[in-house]
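Chain letters run A, B, ... following the sequence lines, proteins first and then strands; every chain starts at 1. Computed from a predicted structure; not experimentally measured.
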Protein chains: 2
Amino acid sequence: MATVNTTARVTMADVAQAAGVSVATVSKVVNNKDGISPARTAHVRRIIDEMGYAASLGAQSLRSRSTGVLGMLVAEFEPFSTELLKGASRAIKATEYELLAYSGRSHSAPEDGWERRHLARLSGALIDGAVIVTPSGTETIFPVPVVAIDPHLDTDALPTVRCNSYDGAFQATSYLAELGHTKIGYLGGRSDLKSSQERELGYRDALLNAGIAVNDAYIGQGDYLPEASQAPAREILSREDRPTAIFAANDLSAIEVIKVAEELGLNVPRDLSVIGFDNVPEAALFRIPLTTMAQPLGEMGEIALNMLAKIISGEEVETQVLLPVELVVRDSCAPPQHRAQ
Amino acid sequence: MATVNTTARVTMADVAQAAGVSVATVSKVVNNKDGISPARTAHVRRIIDEMGYAASLGAQSLRSRSTGVLGMLVAEFEPFSTELLKGASRAIKATEYELLAYSGRSHSAPEDGWERRHLARLSGALIDGAVIVTPSGTETIFPVPVVAIDPHLDTDALPTVRCNSYDGAFQATSYLAELGHTKIGYLGGRSDLKSSQERELGYRDALLNAGIAVNDAYIGQGDYLPEASQAPAREILSREDRPTAIFAANDLSAIEVIKVAEELGLNVPRDLSVIGFDNVPEAALFRIPLTTMAQPLGEMGEIALNMLAKIISGEEVETQVLLPVELVVRDSCAPPQHRAQ
DNA sequence: CTGAAAGCGCTAACAG
DNA sequence: CTGTTAGCGCTTTCAG
């Protein structure tokens, strides 16, 4: 049975009444302001504990413009963002802050600067600053200090931590070429993100570098999303002259590529090599462990959070952090099979 | 350089002024109340978009007692809770809610009902309900509807989703016994959680069932935490007559056991078999892939969130969900080596 | 040292 | 249909 058993919230007024003091006094005790006698302080504190009182974050921030909580804004809690979150959570222990992760209803307006809305909703109330994961808007100033992870913009206007996507894509594609592949496809990510653009560039340059002509029919776009990757993957792989290898812009779409390939009767890696990007746990856990370009996700989350904390406290920090990626070889790539022309 | 570039927050009053209407009108437009002419509604909406306005969650909830956001309260964002979070995030898409995950500063008061404080801070402002992960308090009624995952209590007072810990522990221990082990240790979890107690019970019963006497010197407690697991693991494994297998109450402590074992010069699985519990991604990813009892973490998060949504909307739901666990065999267990007595 | 009072941004009656 | 008014729970002057 669904019994909704709820108590009334205990407010500061309740505490004040129980303690026989004014709310102002309680407030001062709560916030460790001085000007309250030790005796009263102790008394009020006991009542607070007894009643299990904790200041309402909403009301508190409404008035004081500072809450001691940092936000992590994501479009969704998927493998990429949760790895970042783990890192941020690790980093926050060394600070005085609490961590609040927020994922609004981005499913309504897909790529439309959701972070702006989230931020507007949470800042100036609730959070003192935020790290935003893959923001898609063009905004660069917000109501609170912000650091972005893997942002949209081709600008230094926002403190940012990201990985070298160009280099990673170049490495991944070159790896495929070195394996002997010449027909190498690319399934791109969200075209509004800089990371995605860089990955495509790295892919193209690696091809050129290997003396392979770029074939646009081998290029699709999956928006970094499994759902969106299926159709383009199917299209590329259904061609008579299909590629023998595909570099996918992130692991989740790489996995989707493999699924589509198998539906089409292809064996991975025998008939098709697939390499991903990110190295989320799901990549290693997949039935066919995925070869991928690893980003130090946890570290990125940590760095971003530390950066944010420093920025808020007015410290000087390097605001553009670029981390290296690393090839992780697993089972999804192999030299191409010899096929009849 | 650390330039903190921030704009002022745009408030409802700003919008009202820009639109040449009252805040009440704006409020009604924002909340889709009727009673505003289509023309004005459209006009106000345009201004809102232009200014990038979004209602302050804090102020909004302070007044309306309902925010359309559901909370997920965790002590920390570690592998266990983030897997649950992924599931919850999946489930929330089908609802009208937004998801807010919160991890306060539990490092202050370790096992002391942190969830009460988090909830007090967020509820009655901010969230309409919450799923609480491994709450440690004894409270059963809260200011908002709540569902617990893996709670403390031996009670049905709280809507709960959890796994069959007793059965899982029994299976895990039996597996070790079937492999031929007779000296089987146990590294327990947070003793205040029911899951932990059940796992110890399952361990003991499985031993008895296998005709093995329980040796208390083989039993330690790691609080489900890597840090806390090290010392007891070292103690158990340093004994002259050390066990040849250890069942750890969760994966993270199992991994810690392996690390300690290796420091002590033991080879896993040759000299020591280790089995964990949970099947977080880290278990499979560990250098020595960990054999473990899998909990359907994502599913648990989904179920809990759906339960919460239903409870809030007054629907009848089964409030005590018990999910099965499953043995996942990987590389950390082997039959015991023959050793000289 | 303590309390009264004002007001943060918003919503909910209630008048006009 | 629209604006005025009164708070939500809290912090912060400012008098006592």
Please list, one pair per line, the donor and acceptor atoms closer than 3.5 Å that link side chains of residues 12-32 of chain B to other protein atoms, with sequence neighbours excluded.
unit_1	atom_1	unit_2	atom_2	d
B:Asp14	OD2	B:Thr11	N	2.8
B:Asp14	OD2	B:Thr11	OG1	3.4
B:Ser22	OG	B:Ala24	N	3.4
B:Ser22	OG	B:Thr25	N	3.3
B:Ser22	OG	B:Thr25	OG1	3.1
B:Ser27	OG	B:Asn31	ND2	3.4
B:Asn31	ND2	B:Ser27	O	2.7

Q) OP1 or OP2 of D:dC10 sitting under 4.0 Å from any side-chain N/O of B:Arg121? A) no
Q) Tell me: CD of A:Gln17 to P of C:dA4, nearest whole Å? A) 13 Å
Q: Classify every nucleotide of nucleotides 11-16 of chain D by which part a protein heavy atom approaches to under 4.0 Å, writing B for the base, S for the sugar-phosphate alone and - for neither, in 5'-to-3' order.
A: BB----
Show me, pair by pair, the donor-acceptor contacts under 3.5 angstrom made by side chains of residues 297-306 of chain A, not counting sequence neighbours?
unit_1	atom_1	unit_2	atom_2	d
A:Glu302	OE2	A:Arg90	NH1	2.7

(Q) So, using side chain to side chain contact (heavy atoms under 4.5 Å, CB included) as the criterion, who are the partners of B:Thr82 when residues are at least two apart? (A) A:Thr82, A:Lys86, B:Phe77
Q: Let me know the distance between CG of B:Asp34 and C1' of D:dC1, rounded to the nearest Å.
A: 11 Å
(Q) Strictly by salt bridge (Lys or Arg N to Asp or Glu O under 4.0 Å), give each pair with a member in residues 37-60 of chain B just once, sequence neighbours left out. (A) B:Arg46-B:Glu50
(Q) Whether A:Ser37 contacts C:dT2 is assessed here as follows: a side-chain N or O lying under 4.0 Å from the phosphate OP1 or OP2. Is that the case? (A) yes
Q) At how many degrees, to 10°, do the end axes of the helix from C:dC1-D:dG16 to C:dG16-D:dC1 meet when each uses five pairs? A) 40°
Q: Measure from NE2 on A:His43 to C1' on C:dT2 and round the result to the nearest Å.
A: 15 Å
Q. Taking atom types as modelled and ignoring hydrogens, do the side chains of A:Tyr224 and A:Thr134 form a donor-acceptor contact shorter than 3.5 angstrom?
A. no
Q) How would you list, by chain and number, every residue that makes a side chain to side chain donor-acceptor pair (under 3.5 Å) with B:Ser89, sequence neighbours excluded? A) none
(Q) Can you measure B:Leu57 atom CG to D:dG9 atom C1' for me and round it to whole angstrom units? (A) 16 Å
(Q) Without decimals, in angstroms, what is the distance between B:Leu62 CG and D:dA6 P? (A) 18 Å
Q: Only pairs at least two apart or in different chains count here, so list each salt bridge (Lys or Arg N to Asp or Glu O under 4.0 Å) that has a residue in residues 16-25 of chain A.
A: none
(Q) Side-chain N or O of B:Ser22 versus OP1/OP2 of D:dG3: is the shortest distance under 4.0 Å? (A) yes
Q) In a check of side chain to side chain contact (heavy atoms under 4.5 Å, CB included) between A:Leu99 and each of A:Ile127, A:Val69, A:Leu85, which one passes? A) A:Leu85
Q: Return the set of residues passing salt bridge (charged side-chain N to carboxylate O under 4.0 Å, His left out) with B:Arg63 (not counting sequence neighbours), or none when no residue passes.
A: none
